[in-house]
Amino acid sequence: MIFFNINEFLIEISKNKKTILSIDLGRKKTGIAISDPLKKYSVPLKVIYSNKRELFKKLLKNIEDYNIGSIVIGVPLNFDDSDNKKTQSIKDISKNFNSFLDDNNLKIPIIFWDESYSSLEASEEINKFYRKSVRQSKIIDKFAASVILQDFLNFINYRKDEK
């Protein structure tokens with residue numbers, strides 16, 4: 001189930017102690033990352049190379065393997081926070097993915113999160129911790145997914161601290 005209201009999404013995910021999956025959708029590659037069960041930290045998981053039909057099956061396998069209870073999908077927003085063609089494309093794919101989950105009897109809350117500058121931040125992280133021989137293009141998507149998820153986790157944990 002796709003949520004467009006952050007407060008409703010947070011209420012829904014507070015009902016379980018499962019991890020969060022972050023998805024950075026690309027044309028050819030999709031990066032994924034997961035949270036720890038306490039929803040404090042993000043860990044880059046993998047890059048999936050596949051067409052959209054196969055992608056859904058591979059994502060489902062990861063949902064089952066890692067006890068996923070909710071999903072954050074990165075979307076690129078314009079400077080005024082409006083949607084663009086890429087954003088709309090990701091939302092359309094996400095609606096199809098949500099239907100795929102429904103067909104597999106899974107009701108997993110999904111929310112969209114601004115992914116602006118996530119690839120730049122991911123590139124900086126890779127440069128800090130990996131040798132120059134590591135090809136960024138092979139791993140950057142999972143790190144971008146991790147950046148997106150960590151931004152989301154920082155947001156929800158900051159909100160908790162404010163209360």
Side-chain angles (χ1 to χ4, degrees), residues 1-26 29-50 52-77 81 87 90-122 124-126 128-130 139-163:
M1 44 195 150
I2 296 177
F3 286 80
F4 293 96
N5 180 300
I6 187 70
N7 293 321
E8 292 173 2
F9 181 77
L10 294 176
I11 290 168
E12 189 66 29
I13 69 170
S14 69
K15 296 176 185 176
N16 68 60
K17 299 291 182 209
K18 295 181 176 185
T19 58
I20 301 172
L21 176 72
S22 174
I23 301 173
D24 180 31
L25 280 167
K29 301 180 292 181
T30 298
I32 60 173
I34 59 172
S35 73
D36 67 306
L38 297 175
K39 299 178 177 92
K40 299 278 184 195
Y41 303 102
S42 172
V43 179
L45 191 59
K46 61 180 72 168
V47 176
I48 299 171
Y49 297 84
S50 66
K52 297 305 176 220
R53 188 173 298 132
E54 288 299 313
L55 173 64
F56 292 173
K57 291 177 186 174
K58 290 178 180 182
L59 289 172
L60 178 61
K61 173 110 175 72
N62 283 282
I63 288 168
E64 293 167 344
D65 289 350
Y66 293 100
N67 195 30
I68 301 299
S70 53
I71 300 171
V72 173
I73 299 177
V75 291
L77 298 175
D81 289 337
T87 305
I90 290 171
K91 287 183 176 183
D92 291 343
I93 293 166
S94 300
K95 288 176 188 173
N96 292 334
F97 180 56
N98 185 54
S99 295
F100 175 83
L101 292 174
D102 285 345
D103 292 345
N104 284 277
N105 298 314
L106 290 172
K107 303 282 186 218
I108 298 179
I110 298 172
I111 196 151
F112 299 108
W113 197 254
D114 183 13
E115 70 170 14
S116 299
Y117 307 107
S118 62
S119 292
L120 179 63
E121 289 180 48
E124 290 172 0
E125 288 297 308
I126 292 168
K128 274 195 255 180
F129 298 107
Y130 285 88
I139 62 173
I140 195 163
D141 297 288
K142 69 181 179 180
F143 279 86
S146 183
V147 167
I148 294 162
L149 182 54
Q150 191 61 57
D151 185 50
F152 176 77
L153 296 172
N154 292 345
F155 173 81
I156 64 172
N157 287 309
Y158 177 78
R159 282 178 56 125
K160 286 179 192 173
D161 293 343
E162 287 292 303
K163 291 182 180 180

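Owing to the predicted nature of the structure, the values given are computational and were not obtained by experimental measurement.
Using the six-membered ring where Trp is involved, Trp113 and Phe155 have ring planes that are tilted, between 30° and 60° apart.
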Validation: residues 104-112 side-chain donor-acceptor distances under 3.5 Å, sequence neighbours left out:
unit_1, atom_1, unit_2, atom_2, d
Asn104, ND2, Phe100, O, 2.8
Lys107, NZ, Asp102, OD1, 3.3

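Atoms CZ and CD1, from Phe3 and Ile11 in turn, are 9.0 Å apart once rounded to the nearest 0.5 Å. How far CG of Asn98 is from CD1 of Ile71: 8.5 Å, rounded to the nearest 0.5 Å. Taking CD of Glu8 as the reference point, atom CD1 of Ile6 lies at 10.5 Å (rounded to 0.5 Å). Residue Phe97 holds its CZ atom at 11.5 Å from CG of Asp103, rounded to the nearest 0.5 Å. Rounded to the nearest 0.5 angstrom, Leu55 CG and Tyr49 OH are separated by 13.0 Å. In this structure, CD1 in Ile23 is found 4.5 Å from CG in Leu59, a value given to the nearest 0.5 Å.
For the pair Ser22 and Leu149, the tightest heavy-atom approach, listed with the atom from each and the gap, is CB-CB, 3.4 Å. Residues Ser94 and Ile73 share a closest heavy-atom pair of OG-CD1, 3.3 Å. Considering every non-hydrogen atom in both Thr19 and Ser35, the closest pair reads CG2-O, 3.2 Å.
Under a 3.5 Å cut-off, the side chain of Ser50 and the backbone N or O of Lys58 do not form any donor-acceptor pair. Under the 3.5 Å distance criterion, the side-chain polar atoms of Glu115 are left unmatched by any main-chain donor or acceptor of Ile148. Ser146 contributes no side-chain N or O that, together with a main-chain N or O of Lys142, makes up a donor-acceptor pair within less than 3.5 Å. Between the side chain of Gln150 and the backbone N or O of Lys40 there is at least one donor-acceptor pair closer than 3.5 Å.
Between Lys61 and Glu64, none of the side-chain N atoms (NZ, or NE/NH1/NH2) sits under 4.0 Å from a carboxylate O, so this pair counts as no salt bridge.
Applying side-chain contact (heavy atoms from CB on, under 4.5 Å) to Lys46 and the options Ile34, Asp141, Ile32, Thr30 leaves one that passes, Ile32.
Counting only heavy atoms from C-beta outward, the side chains of Leu10 and Ile13 approach each other to under 4.5 Å. Contact check for Ser70 versus Asn16: no side-chain heavy atoms found under the 4.5 Å cut-off. For the pair Phe56 and Asn96, the minimum side-chain heavy-atom distance is below 4.5 Å. At least one side-chain heavy atom of Lys39 sits less than 4.5 Å from a side-chain heavy atom of Leu153.
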